[in-house]
Amino acid sequence: MSSQRISAPNKKSLQTHLQALLQDYEASQIFVLCDENSLRHCVSILQDCHPVFRESERIVCLPAGDEHKNIESLCKVWQALSQGKATRKALLINVGGGMISDLGGFAAASFKRGIDFMNIPTTLLSCVDAALGGKTGINFNGLKNEVGAFCPAKAVIIHTPFFDSLDWANRCSGYAEMLKHGLLSSVEHWNEVLSLDLDHCQTEAFGEAVLHSMLVKENIVQQDPTEKGLRKALNLGHTIGHAFESLSHHRKEPVLHGFAVAWGLVCELYLSAKLLQFPHARLQEAITCIKETYGAFHFTCEDYPFLLEAMHHDKKNHDAAIRFALLSDIGNIHIDQSAEEKLIAESLDFYRDVFGI
Ligand code: GLY
């Protein structure tokens, strides 16, 4: 379930790689899927690199935002493929963030029982997470990613200069998944991620760290493509992070996904220290970086019932227990760890303590 990963750190290499890749590919037709943001900031750059991005009748543009990752948008893509007489040898190129690669991947996986697709991630978050690993799908019936399929992109093309058009908050959001990959892999990669400068996405060091981060995910996905076991490790920080995200939506003050994950990491590393002796010095390193980068998410003990309820609804739990992927050290992963509500509440107390809220 792996995708060819192609690094194109500048416009010249983007042009060379796109030309070689699309020439080798010999697709019957090529379609491009993007959203309003990636159309404005990224497709315009791609137009200088390959003529396919200038064929407006083959470009499908969706409104931006996760609320559009729905059946109507999916139909729009199927319609464009069908009206454009796409055959099974057609290729779909998804240019955008996670919403576009998830939806476009699923449109491709299902059209004529499956056509090939490539991802060109335009956000840091989608580059190190959604564009890679074969999870595709849409939201349905009020539930996130309710309908979808495991189907990897043929290739993922990484052009880090795209991330320069991201605002600071969206860079931080992607960086949280890089912190997670650092914790899941090795002290070396953890230190590499901690030393990154988010102000400069065009540097060689930044590009290398992104590739290493993608490799961490790819290694895990290769061992467990359909999340029967090890892939659950990629949920580190997400069980409590998703609960923070739900609370922020409930308050109608939504936070970006990566911010919630970073805050969730603080609590889940605390659980790791309590249950598996994760080293306190590493916990402190993570806290220092997360406090500095993300600030604090505010909640009180009155929010605990809402947060615990949200954790119980996590679709990865199949019985009454709340389960986590935890660490006994950097790179030492323990999946399917359950924690009592009392200990989870203690981790929330710990969070409020370290953030002084
Ligand atoms: N985003 C987690 C995964 O791909 O499994």
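Bear in mind the structure is a predicted one, so any value in this text is a computation, not a measurement. As the structure lists them, so they are numbered: ligands from 1, and atoms in each ligand from 1. Just the heavy atoms: all of them, side chains too, but no hydrogens, waters or symmetry mates, feed the values below.
- In this structure, Lys135 does not pair ionically with Asp102, as no charged nitrogen and carboxylate oxygen lie closer than 4.0 Å.
- Between Phe297 and Trp263, the angle of the ring planes stays under 30°, which puts this pair in the parallel group of the 30/60° scheme.
- The pair Asp303-Arg251 meets the salt-bridge criterion, since a charged nitrogen lies less than 4.0 angstrom from a carboxylate oxygen.
- Between Lys274 and Glu346, at least one side-chain nitrogen of the basic residue sits less than 4.0 Å from a carboxylate oxygen of the acidic one, meeting the salt-bridge criterion.
- The shortest heavy-atom contact between Val128 and Gly174 is CG2-O, 3.8 Å.
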Could you list each nitrogen or oxygen of ligand 1 that sits under 3.5 Å from a protein nitrogen or oxygen, with the atom names and the distance?
| unit_1 | atom_1 | unit_2 | atom_2 | d |
| --- | --- | --- | --- | --- |
| ligand 1 | 1 (N) | Asp129 | OD1 | 3.0 |
| ligand 1 | 1 (N) | Asp129 | OD2 | 3.3 |
| ligand 1 | 4 (O) | Lys217 | NZ | 2.7 |
| ligand 1 | 4 (O) | Arg231 | NH2 | 2.8 |
| ligand 1 | 5 (O) | Lys135 | NZ | 2.9 |
| ligand 1 | 5 (O) | Arg231 | NE | 2.8 |
| ligand 1 | 5 (O) | Arg231 | NH2 | 3.3 |

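- Residues satisfying the ring-ring contact (aromatic ring centres under 6.0 Å, His included) test with Tyr175, not counting sequence neighbours, are none.
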